[in-house]
Amino acid sequence: MRSARRLRELALTAPRSLHHHLHHHHHPQRSAGVVGAAFCRGQSRSGVEEGPDRIRAAGLLDRLQQRGCAVKDYGNLVFDDVVEPSGGGGLRSVAAVGGANRRLSEAMKAVKEDGHTAVMLGGDHSLAIGSIHGHAAAVGQLSVVWVDAHADINTPLTTYTGNFHGQPMSFLLHELQSKVPVLPNFSWVKPCVSAKDLVYIGLRDVDPAEHYILKMLGVKVFSISEVDRLGIARVMEETCDYLTARGKKPVHLSYDVDAIDPSVTPATGTPVVGGLTYREGVYITEHLCGTGLLSAVDLVEVNPLLAKTDQDVQSTVNTAVDLLLGCFGRLREGNHPADYSLPEP
């Protein structure tokens, strides 16, 4: 008991750098509520529905528990087979995407109401509609950190591909409500995020309409060029300062594995060269964990069928696991300070 008190006294009298280190890395007991969303119809390539089971098979749940994290696995959601209406206006699988996200929204709300940090394993990134919607339904106003090579903020009227995994943010932002048409199975979606509460990290492949939307709304963006210029530590400090300037809201981290360079995460649907390094990618999760505000996380777009080799699959899946472990306090420098007590003088 005295050694624990002594450690606290040391922290209080230590220089700021040590004080920050001790404070930043000491976390209370966390619990993870894991929801699998094995859904692929927000884009056109099969395989991404295997993501949740591959990430579990790589040891996510056991490794969270070894970290002292309580884990409840809610299993994989079951999605209805939906008959698509004719004349979808070039949009793919409208009713299926709307229905799946409604189910996911209800599931994420339940996980949050059970008191967990919610983890959504995708599936494609269209699932962020339901994940963020359900999170907000449970806790109220959110901050969103979107880590991705792509902005995913096309509207159904600006999309080039018709794929919903390039559109989820447009359904969630209050400021874009008037730009999103009425669609089958989407009437339940109510915007729940303000543009000023959104930060992008890692963008490097943005459509012209998305550029326009981001500028028009004044969204905070750290493109990959900004990461190069500032360094990831500065990017994360500025991200958190920006988001907490208007009060400390719960943070929803929506993480697409294609944010990471495809040399590290090649098993994904829309890889773009020149991405975040493994170290930068993991640092983002560690830093957000250290704020104590991280309330839910999506990990999406792992597609084992698009890998050339088993090693490519393993690299992608293992990186996904490491990103999630970083969200729950895993440190790369070794044991947790709380695991050690200083000897008495």
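Numbers for residues simply follow the sequence, beginning at 1. On a predicted model such as this, the values are computed, not experimentally measured, just so you know.
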Side-chain donor-acceptor contact under 3.5 Å, Ser170 with Lys179:
no

Measure the acute angle between the ring planes of Phe171 and Phe186, then classify it against the limits of 30° and 60° as parallel, tilted or perpendicular.
parallel

Minimum heavy-atom distance Tyr278-Ile260, with the two atoms named
N-CG2, 4.4 Å

Between Glu286 and Arg332, is there a side-chain N and carboxylate O pair less than 4.0 Å apart?
yes

Derivation and outcome, side chain to side chain contact (heavy atoms under 4.5 Å, CB included), residues Leu276 and Asp261:
CA-CA 5 Å; Leu276 297 166; Asp261 191 77; over 6 Å; no

Taking all non-hydrogen atoms of both residues into account, name the closest pair between Val48 and Cys40 and its distance.
CG1-CB, 3.4 Å

Is atom CZ of Arg246 surrounded by more than 12 heavy atoms (other residues, nucleotides or ligands) closer than 6.0 Å?
yes

For Pro266, what residues pass the side chain to side chain contact (heavy atoms under 4.5 Å, CB included) criterion, not counting sequence neighbours?
Asp312, Thr316

Measure from the side-chain N and O atoms of Gln177 to the backbone N and O of Leu173, and report whether any donor-acceptor pair falls under 3.5 Å.
no

Looking at every non-hydrogen atom in both residues, tell me the closest pair between Phe328 and Ser31 and how far apart they are.
CE2-O, 4.1 Å

So, Arg63 and Asp322, do they make that salt bridge, N to O below 4.0 Å?
yes

Six-ring centre of Tyr74, Lys72 cation under 6.0 angstrom, axis tolerance 45°
yes

Strictly distance-based, threshold 3.5 Å: is any side-chain N or O of Thr319 a donor or acceptor partner for the main-chain N or O of Ser315?
yes

Carboxylate-amine/guanidinium contact Glu226 Lys220, below 4.0 Å
no

Side-chain donor-acceptor pair under 3.5 Å between Asp258 and Thr268, yes or no?
no

Dump the intermediate steps for side chain to side chain contact (heavy atoms under 4.5 Å, CB included) on Leu230 and Glu238, then the final yes or no.
CA-CA 10 Å; Leu230 298 171; Glu238 290 194 12; 4.3 Å; yes

Can you say whether the rings of Trp146 and His125 are parallel (under 30°), tilted (30 to 60°) or perpendicular (over 60°)?
parallel

Please answer whether the main-chain N or O of Ala195 pairs with a side-chain N or O of Glu175 as donor and acceptor at a distance below 3.5 Å.
yes

So, Thr158 side chain and Asn154 main chain: donor-acceptor pair closer than 3.5 Å or not?
no

Go through the side-chain N and O atoms of Arg56 and Asn76 and say whether any donor and acceptor fall under 3.5 Å apart.
yes

Check Asp124 with Arg45, please: is the shortest side-chain N to carboxylate O separation under 4.0 Å?
no

Would you say that more than 12 heavy atoms from the other residues, nucleotides or ligands in this model lie under 6.0 Å from the CG of Asp310, or not?
no

Which pair of heavy atoms, one from Leu183 and one from Pro156, lies closest together, and at what distance?
CD1-CG, 3.9 Å

Would you confirm whether Asn101, through its side chain, and Val97, through its main-chain N or O, come within 3.5 Å as a donor-acceptor pair?
yes

Would you say Val147 and Asp256 make side-chain contact, with heavy atoms under 4.5 Å?
no

Please evaluate residues His287 and Thr239 with respect to the criterion side chain to side chain contact (heavy atoms under 4.5 Å, CB included), reporting the C-alpha separation (whole Å), side-chain torsions for both, the decisive distance (0.1 Å), and the verdict.
CA-CA 10 Å; His287 191 97; Thr239 293; over 6 Å; no

Verify the neighbour count for atom CD of Gln141: are there more than 12 heavy atoms of other residues, nucleotides or ligands below 6.0 Å?
no

Using distance alone, with no hydrogens and no angle criterion, decide if His252 and Ser295 have a side-chain donor and acceptor under 3.5 Å apart.
no

Evaluate the side chain to side chain contact (heavy atoms under 4.5 Å, CB included) criterion for residues Leu305 and Ser46: first the C-alpha distance (whole Å), next the side-chain angles of each, then the deciding distance (0.1 Å), finally the verdict.
CA-CA 7 Å; Leu305 296 190; Ser46 62; 4.2 Å; yes

Strictly by modelled atom types, are Glu210 and His150 linked by a side-chain donor-acceptor pair under 3.5 Å?
no

Kindly say whether Ser126 contributes a backbone atom to a donor-acceptor pair with the side chain of Gln167 at under 3.5 angstrom?
no

Is it true that the side chains of Asp298 and Ser131 contain a donor and an acceptor less than 3.5 Å apart?
yes

If every non-hydrogen atom of Leu64 is compared with every non-hydrogen atom of Ala32, which pair is closest and at what distance?
CD1-CB, 4.2 Å

On a heavy-atom basis, which atom in Val313 and which in Arg54 lie closest, and how many Å separate them?
CG1-NH1, 3.1 Å

